[in-house]
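Basis for what follows: all heavy atoms, side chains included, without hydrogens, waters or symmetry-related copies. Along the sequence shown, the residues carry numbers beginning at 1. Whatever order the structure lists them in is the order used to number ligands and atoms, beginning at 1. Being a predicted model, the structure only gives us computed values, none of them experimental.
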Amino acid sequence: MKTQYYNAVTQKENGTKLAGQVLRAGGLVAFPTETVYGLGADGLNEEAVLRIFEAKGRPGDNPLILHVARKSDAKDLWTRVPEKARQLMDAFWPGPLTLVYDRAACVPDAVTAGLGTVAVRMPSHKTALALLRAAGVPVAAPSANLSGKPSPTTAAHVKRDLDGKIDVILDGGPCEVGVESTVLSLLGQPTILRPGGITREMIEAVIGAVALSPAILSPLKEGEAAASPGMKYKHYAPQAEVRIAPPGSPRAIASSICAAYDVAGRAGKRCVIFATEQTRGFYCNREYAIIGDRKNPSTLCANLFAALRSYDDGAADLILCEPLDESDMGLAYMNRLLRAAGFAVLQPGVPL
Ligand code: AMP
Ligand code: MG
């Protein structure tokens, strides 16, 4: 298959119109959102949805999010709109918050992986909204990467993973948030299944206390059921190994990273440090890239996936990273970083 490239910036509405027609005809379109690039198909067309799983190599039991152009579209996809959903939609839609509730009969099994619930979100990205309006259907879309890889935050990332496997890549420039949407279940006690662009603190300010799924910061135990099936798969893994320093002061974090760097370097590994504005001074004479400002975790979220992918050409064997506090956007950052590292944290005296 030859993948067509449309540019939402230079071709303006033409690009989104053409891509909308491809979606209506059952094709696959990668498109920008404010979080990451999504790989979309007509969410009410089971055959089209199954093509997403095939193109990504995604396990069939990992459900998809339905994207809608208007708040009012959600009511057709759920059995009803609960009051808390209404409050959250008013506060955060359009935006990076996905809500999970009981599915309506029109939603195909392939979207929900057979679950009784469906995840819905209205994105805020101008191009995503224009595409959803052009398509005129809810669009099922996971991240537009090969399953297991870091999510794509530019059209070039999508091209690298999916060129020749999908119909269209709609280029709308780099994504702003850089990590996927927050997934919040509204069945029973509201529970964050995946932290993302809308923080726990922001949600609690609207609907009161929400729970955090234990799978956010720790691996699922053998045989444990996943509330959010995506949590059980290997995720966000670049070619290089990733290791995270234990928590501490910036100086203590940098010191454990430097020690690991030097040990790995002596063993012939090419290492790179994902540094921050606050710690760059500690890493002299070592290879590092500054990926953000520790006082503003959103900056690290915005850059993480692109930074991981930038070493996929074999330029590094080991990526050493700093942990953040798990509050505000720090929670989403640590959730992605722990998975990219396979939960591997540096321990003094333990070989890498
Ligand atoms: P992706 O868009 O690639 O990040 O994948 C969507 C994520 O949303 C998946 O990893 C799922 O675990 C989660 N998700 C989608 N639908 C549901 C649902 N009905 N219940 C729980 N989690 C869901
Ligand atoms: Mg994904």
Those atoms of ligand 1 less than 4.0 Å from some heavy atom in Leu115: 18 (C), 19 (N), 20 (N)
Atom CG of Asp313: over 12 foreign heavy atoms under 6.0 Å: yes
Selection from Leu99, Thr98, Asn62, Val179 by shortest heavy-atom distance to atom 9 (C) of ligand 1: Asn62
Exercise: do Arg103 and Thr112 side chains pair donor with acceptor under 3.5 Å: yes
Within-shell test, Val36 vs ligand 1, heavy atom, strictly < 4.0 Å: no
Per atom 18 (C) of ligand 1, closest listed option by heavy atom (Asp61, Leu187, Thr117): Thr117
NZ/Lys84: more than 12 non-hydrogen atoms of other groups inside 6.0 Å: no
Test item, Val100 contacting ligand 1 (heavy atom, 4.0 angstrom): yes
Parallel, tilted or perpendicular, as decided by the 30° and 60° cut-offs, for the rings of Tyr311 and Phe274: tilted
Check: Thr98/Ser181 side-chain N/O donor and acceptor closer than 3.5 Å: yes
Distance-only N or O hit between ligand 1 and Lys56, under 3.5 Å: no
Non-hydrogen atoms of Val36 and Gly178 that approach each other most closely: CG1-O, 3.7 Å
Derivation and outcome, side-chain hydrogen bond (donor to acceptor under 3.5 Å, both in side chains), residues Asp167 and Gln4: CA-CA 6 Å; Asp167 298 282; Gln4 303 287 327; over 6 Å; no
Residue Leu64 vicinity, atoms of ligand 1 by number, heavy atom under 4.0 Å: 15 (C), 16 (N)
Region of Leu193 engaging ligand 1 - heavy atom pairs below 4.0 Å: side chain
The Mg ion (ligand 2): protein N, O or S atoms that are less than 2.8 Å away, sorted by chain: Ser143 OG
Residues Arg200 and Glu204 bridged, charged N to O under 4.0 Å: yes
Presence of salt bridge, Glu241 and Lys269, under 4.0 angstrom: yes
Electrostatic pair Asp76-Arg70, nearest N-O below 4.0 angstrom: no
Nearest option to atom 4 (O) of ligand 1, as decided by whichever heavy atom of Arg194, His235, Glu180 sits closest: Arg194
Thr276 vs Arg294, side-chain hydrogen bond (donor to acceptor under 3.5 Å, both in side chains): CA-CA, chis, key distance, verdict: CA-CA 6 Å; Thr276 54; Arg294 296 180 59 81; 4.7 Å; no
For ligand 1, the portion of Arg58 having any non-hydrogen atom under 4.0 Å away: side chain
Nearest-option assignment for atom 23 (C) of ligand 1, heavy atoms, candidates Ser185, Pro63, Ala215: Pro63
Atoms in ligand 1 flagged as close to Ser143, the criterion being non-hydrogen separation under 4.0 Å: 1 (P), 2 (O), 3 (O)
Tyr236 and Phe305 aromatic centres sub-6.0 Å: yes
